[in-house]
There are 2 protein chains.
Amino acid sequence: MMNKELPACPVETTLLLISNKWKVLILRDLMEKTMRYNELKASIGSISQKVLTSNLRAMEADGLLIRTVYPEVPPRVEYTLSEQGRSLKPILDAMWNWGIDYQKQNNK
Amino acid sequence: MMNKELPACPVETTLLLISNKWKVLILRDLMEKTMRYNELKASIGSISQKVLTSNLRAMEADGLLIRTVYPEVPPRVEYTLSEQGRSLKPILDAMWNWGIDYQKQNNK
DNA sequence: CTGTATCCTCCTGGATACTG
DNA sequence: CAGTATCCAGGAGGATACAG
């Protein structure tokens, strides 16, 4: 995400970075702790390798997370949020809280 | 959005309701004031009629907004947030604030 | 003005096989 | 383990025409 013509509206700017469901779920998981590739895949559940990898790479390019490769055998790759990624926590928290309320109202 | 098997994670529940960009933009606009169809269309800008209508109908079915038809000629249709829709404000605010910060950092 | 109805294109994302 | 490479299906979404 280069600094080229950001939308005038801040909400749209935010949507550019996390407009898709997968990125939000990745953020949710990494907000808790650093995770390995397969750990992340298992946690999200129904995501394919291709989609997980492409989202992780995009988020890395956007500066939301940091990818660290440990040259071991078998290889180990850890994903952790950058400061900018962690700064999204208020959004995730707001989504969490709203979800809680929604569940209370609609789930019996 | 029926009360059928909501996800265990509240964040996922929230994503079920507002996982797409268009819905977020509609919420952003209606958070300010009640709006008419064409007003909304013009405000969002690059959305087609079909997509705008389908999202509005989905959000109405989910109880996020209220659609009021005034039997006039020409017809007038107003969209306003329900209480549940308005309760999403903290999420929109968090997105707004994050977008502001992001713009400051990346837009010179 | 506020839609509905079609057609069509593109992209997201799943499934599978293979690799360092 | 952590991917890459391919192929393919489904749905999101645009364009256009038409209607009440």
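Proteins come first, then strands; the chains are lettered A, B, ... in the order of their sequence lines, and each starts at number 1. On a predicted model such as this, the values are computed, not experimentally measured, just so you know.
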Using whole Å, report how far CG of A:N20 lies from P of C:dT12. 9 Å
Rounded interatomic separation in angstrom, taking CZ from B:R76 and P from C:dG3: 13 Å
Are any of A:R57's side-chain N or O atoms less than 4.0 Å away from OP1 or OP2 of D:dA2? no
Short N-O contact, A:K21 and B:E12, less than 4.0 angstrom: no
Among D:dG3, C:dC1, C:dG13, which is the nearest nucleotide to the side chain of B:P74? C:dC1
Check the distance between C:dG3's C1' and B:E72's CD and give it to me in whole angstrom. 16 Å
Of all the choices, D:dC1, C:dG13, C:dG3, which nucleotide is nearest to the side chain of A:N38 once you look at every atom? D:dC1
Checking side-chain polar atoms at under 3.5 Å, does A:Y102 have a donor or acceptor matched by the opposite partner on B:S87? no
From OH of A:Y37 across to P of C:dG20 the rounded distance in Å is 17 Å
Closest-nucleotide ordering on DNA chain D, the 5'-leading residue of B:S48 and A:E39: A:E39
Are there over 12 heavy-atom neighbours, none belonging to B:K89, within less than 6.0 Å of that residue's NZ? no
Which part of the nucleic acid does A:S46 contact within heavy-atom distance under 4.0 Å: base, sugar-phosphate only, or nothing? sugar-phosphate
May I ask you to decide whether A:R76 forms a salt bridge with A:E78, counting only side-chain N to carboxylate O separations under 4.0 Å? yes
Between D:dC1, C:dG13, C:dT2, which one does the side chain of A:R36 approach most closely? D:dC1
Residue met sooner reading DNA chain C from 5', once A:V51 and A:P75 are mapped to nucleotides: A:V51
Whole angstrom is fine here: how far is it from CD1 in B:I26 over to C1' in D:dG13? 13 Å
How many whole angstroms separate atom CG of A:N55 from atom P of D:dG3? 13 Å
Does the C:dG14 base have a donor-acceptor partner in the side chain of A:K50 within less than 3.5 Å? yes
Heavy atoms only, 4.0 Å cut-off, all strands: where does B:Y70 land among base, sugar-phosphate and nothing? nothing
Figure out the CD/P separation between A:Q49 and D:dA2, and round it to whole Å. 10 Å
Take atom NZ of B:K21 and atom C1' of C:dT12, then tell me their distance rounded to the nearest Å. 15 Å
Would you say the side-chain atoms of B:T53 and B:Y37 include a donor-acceptor pair closer than 3.5 Å? yes
